[in-house]
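Notes for the one structure printed next.
Please read all numbers here as calculations on a predicted model, not as lab measurements.
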Amino acid sequence: MMYETIAAVSTPLGEGGISIIRVSGEGALVEVERIFRSKTKLTEADSHTIHYGHIVDPDSGEKVEEVLVTVMKGPRSFTAEDVVEINAHGGVISVRKVMDLLLQQQIRVAEPGEFTKRAFLNGRIDLSQAEAVMDLIRSKSDRAFSVAMKQADGQLSTRIKQLRHILIETLAHIEVNIDYPEHDVEELTSRFIQERCGQVISEIEKLLKTASEGKILREGIVTAIIGRPNVGKSSLLNALAQDNKAIVTDIPGTTRDVIEEFVTINGIPLRLLDTAGIRETSDVVERIGVERSRSALQEADLILFVVNHNEPLHPDEREWMQQIVGRQVIVIVNKMDLPKRLEEDELKAVFGGGSIVTMSVKEQEGIDSLEKSISNLFFSGGIESNDMTYVSNVRHISLLKKTLQSLHDAVEASEQGIPIDMIQIDVRTAWELLGEIIGDAVGDSLIDQIFSQFCLGK
């Protein structure tokens with residue numbers, strides 16, 4: 001299928017060593033050649049070759065940019081179309097001039113995600129692989145990148161196709177027995193349906209067991225650091241980020257807003273939110289920060305509740321303890337380098353001894369214990385081996401859960417002696433739902449919605 005020729009900048013805008021402008025479509029070679037001057041004509045160049053030359057304004061003959069141009073002829077390209085990538089000097093002006101000349105040809109600006117969308121529509125990748133491309137770009141840790149890479153390579157797609165193959169064989173068996181009922185042995189057919197559906201159910205349950213961990217690796221754990229003013233929240237953020245992101249002073253109320261920082265702990269991405277100390281205050285700005293802290297607390301997947309080893313529990317802290325009990329909480333007893341005045345029994349009674357970590361952020365003591373506690377809390381001591389197929393996409397998780405329900409309905413109907421033509425409906429629904437994951441059965445509106453989330457040059 002042939003589409004319009006499109007172009008977009010595939011590197012971040014701004015100053016840099018180079019900027020790459022990607023052009024894809026039936027007319028990519030012809031249209032770029034109109035503004036490119038070199039010893040070699042692009043239309044005659046071999047695929048996967050690089051050519052030095054200049055971008056020239058065809059009307060005035062003025063040299064606009066010195067470039068390297070890469071030629072990749074379809075179907076051996078990212079989009080499976082003819083692709084030209086122009087490597088220009090990094091900078092806003094140079095890129096704008098080249099793009100202006102391209103758009104004066106038979107080329108339009110690409111829509112967000114349109115290059116990857118074309119790779120999907122042209123059959124080079126399926127929908128789950130296309131979605132993994134964005135996960136690769138957004139990865140916040142090595143482990144998240146590894147999970148996305150496996151999905152982009154088709155590891156999840158392969159598992160889904162295998163399950164769909166089992167279901168299509170089941171449907172074929174049901175169809176034969178519907179068309180030729182005189183040869184049907186009802187007991188054998190019911191047993192066949194239950195065995196095959198049970199096999200798929202077992203595999204989907206294995207995938208869904210990885211869903212919460214995969215979602216964490218993909219999106220990160222939203223982690224709120226809360227506590228009274230001056231207990232060491234900002235110091236903890238700086239220690240975990242290994243940088244001075246937050247102002248640290250002995251003056252209570254220094255943090256006036258929610259400070260956000262991404263860090264990686266044992267391969268787990270954390271979105272750290274250092275909150276303003278929650279207290280009653282007459283300071284208008286600090287009061288706004290306190291309200292934002294309360295909002296961050298509601299949003300958090302994990303709460304790091306920091307208390308002072310050198311002070312008894314404050315009434316405000318007791319109130320917060322009642323608010324956050326039952327949530328994922330790690331209590332950090334900070335300032336262990338100071339004399340003890342805190343009674344920990346009350347903390348242990350509410351949260352349990354395993355949720356309490358003693359630290360001295362100032363002396364860099366206890367960081368390892370905190371990291372281990374976070375890992376244990378979300379991954380039962382560690383992340384599974386590298387060959388594990390993680391499901392991390394919310395859309396995929398939802399479809400797998402719906403598939404599971406349809407298969408359970410089919411098994412239950414079979415056990416109750418429901419006619420097989422009725423059972424067929426549930427099995428076919430499960431087959432179609434799995435097809436939506438890889439894009440074999442998905443509407444145009446959903447495709448447009450998915451690819452609209454991509455960056456412009458992808």
- Item | Rounded distance [0.5 Å steps], CE in M72 versus CD1 in I50 | 8.5 Å
Under 3.5 Å, side-chain donor or acceptor atoms of residues 345-355 against the rest of the protein: list the pairs with distances, not counting sequence neighbours.
| unit_1 | atom_1 | unit_2 | atom_2 | d |
| --- | --- | --- | --- | --- |
| E346 | OE1 | R318 | NE | 3.3 |
| E346 | OE1 | R318 | NH2 | 3.4 |
| E346 | OE2 | R318 | NE | 2.9 |
| S355 | OG | F351 | O | 3.3 |

- Query: Can you list every pair that meets salt bridge (charged side-chain N to carboxylate O under 4.0 Å, His left out) and has a residue in residues 84-97, with sequence neighbours left out?
  - Reply: R22-E85, R96-D100
- Item | Close side-chain approach of I367 and M359, heavy atoms under 4.5 Å | yes
- Begin with the C-alpha distance, continue with both residues' side-chain angles, and end with the deciding distance and a verdict on side-chain contact (heavy atoms from CB on, under 4.5 Å) for V67 and N87. CA-CA 5 Å; V67 297; N87 292 255; 5.8 Å; no
- A410 versus C197, closest heavy-atom pair with distance: CB-SG, 4.3 Å
- Query: Given side chains that start at C-beta, do those of I438 and R164 come closer than 4.5 Å, heavy atoms only?
  - Reply: yes
- For I107 and I6, which heavy atoms make the closest approach, and how far apart are they? CG2-C, 3.9 Å
- Message: With rounding to the nearest 0.5 angstrom, report the CD1 to OG distance, I330 to S373.
- Response: 5.0 Å
- Message: Within the structure provided, determine whether Y3 and N122 are in side-chain contact (heavy-atom separation under 4.5 Å).
- Response: yes
- Note on the structure: So NZ of K161 and OG of S128: to nearest 0.5 Å the spacing works out to 8.0 Å
- Going from CD1 on I225 to CG on L302, what distance comes out if it is rounded to the nearest 0.5 angstrom? 9.5 Å
- Note on the structure: Heavy atoms of A239 and V361 approach each other most closely as CB-CG1, 3.9 Å
- Query: Counting only heavy atoms not in H165, do more than 12 fall under 6.0 Å of its NE2?
  - Reply: no
- Are any non-hydrogen side-chain atoms of Q424 and V427 less than 4.5 angstrom apart? no
- salt bridge (charged side-chain N to carboxylate O under 4.0 Å, His left out) with E81: of R76, K117, R118, R124, only one passes, and it is R118
- Query: Is there a donor-acceptor contact under 3.5 Å from the side chain of E343 to the main chain of P312?
  - Reply: no
- Message: I'd like to know if the side chain of R159 reaches the main chain of L207, judged simply by a donor and an acceptor atom lying under 3.5 Å from each other, with no hydrogens or angles considered.
- Response: no
- Donor-acceptor under 3.5 Å (T11 side chain, I20 main chain): yes
- Message: Strictly distance-based, threshold 3.5 Å: is any side-chain N or O of E319 a donor or acceptor partner for the main-chain N or O of P315?
- Response: no
- Message: Is the shortest side-chain heavy-atom distance between E203 and Q162 below 4.5 Å?
- Response: no
Using distance only, find each side-chain donor-acceptor pair of residues 400-408 under 3.5 Å and give its atom names and separation, not counting sequence neighbours.
| unit_1 | atom_1 | unit_2 | atom_2 | d |
| --- | --- | --- | --- | --- |
| T403 | OG1 | L399 | O | 2.8 |
| Q405 | NE2 | D409 | OD1 | 2.9 |
| S406 | OG | K402 | O | 3.4 |

- pair V83-F78: side-chain heavy atoms closer than 4.5 Å: no
- For S24 against F115, the heavy-atom pair lying closest together: CB-CE2, 3.7 Å
- Message: Do I437 and L127 make a side-chain contact, defined as non-hydrogen atoms from C-beta onward lying under 4.5 Å apart?
- Response: no
- Run the side-chain contact (heavy atoms from CB on, under 4.5 Å) check on K362 and S235 step by step: do they pass? CA-CA 7 Å; K362 180 180 178 182; S235 296; over 6 Å; no
- Reported OG-to-CE distance for the pair S94 and M99, which is rounded to 0.5 angstrom: 12.5 Å
- Closest approach of I423 to A413 (non-hydrogen atoms, all atoms of both residues): CG1-CB, 3.9 Å
- Query: Got T116 and I125 here, is their nearest side-chain heavy-atom distance under 4.5 Å?
  - Reply: yes
- Task: Could you check L167 against L163 for side-chain contact (heavy atoms from CB on, under 4.5 Å), going step by step and ending with a plain yes or no?
- Result: CA-CA 6 Å; L167 292 180; L163 299 181; 5.7 Å; no
- Item | Under 3.5 Å donor-acceptor, T170 side chain and I166 backbone | yes
- Item | Polar side-chain atom of H309 near backbone of L338 as donor-acceptor pair, under 3.5 Å | yes
- Task: Assess whether side-chain contact (heavy atoms from CB on, under 4.5 Å) is satisfied between V411 and I193, documenting all intermediate values.
- Result: CA-CA 7 Å; V411 171; I193 292 171; 5.8 Å; no
- Message: Donor-acceptor check, side chain of N334 to backbone of V231, threshold 3.5 angstrom: yes or no?
- Response: yes
- Task: Working to the nearest 0.5 Å, report the span between CD of E66 and CG of L68.
- Result: 8.0 Å
- Shortest non-hydrogen separation from V306 to E317 and the atoms involved: O-OE2, 4.4 Å
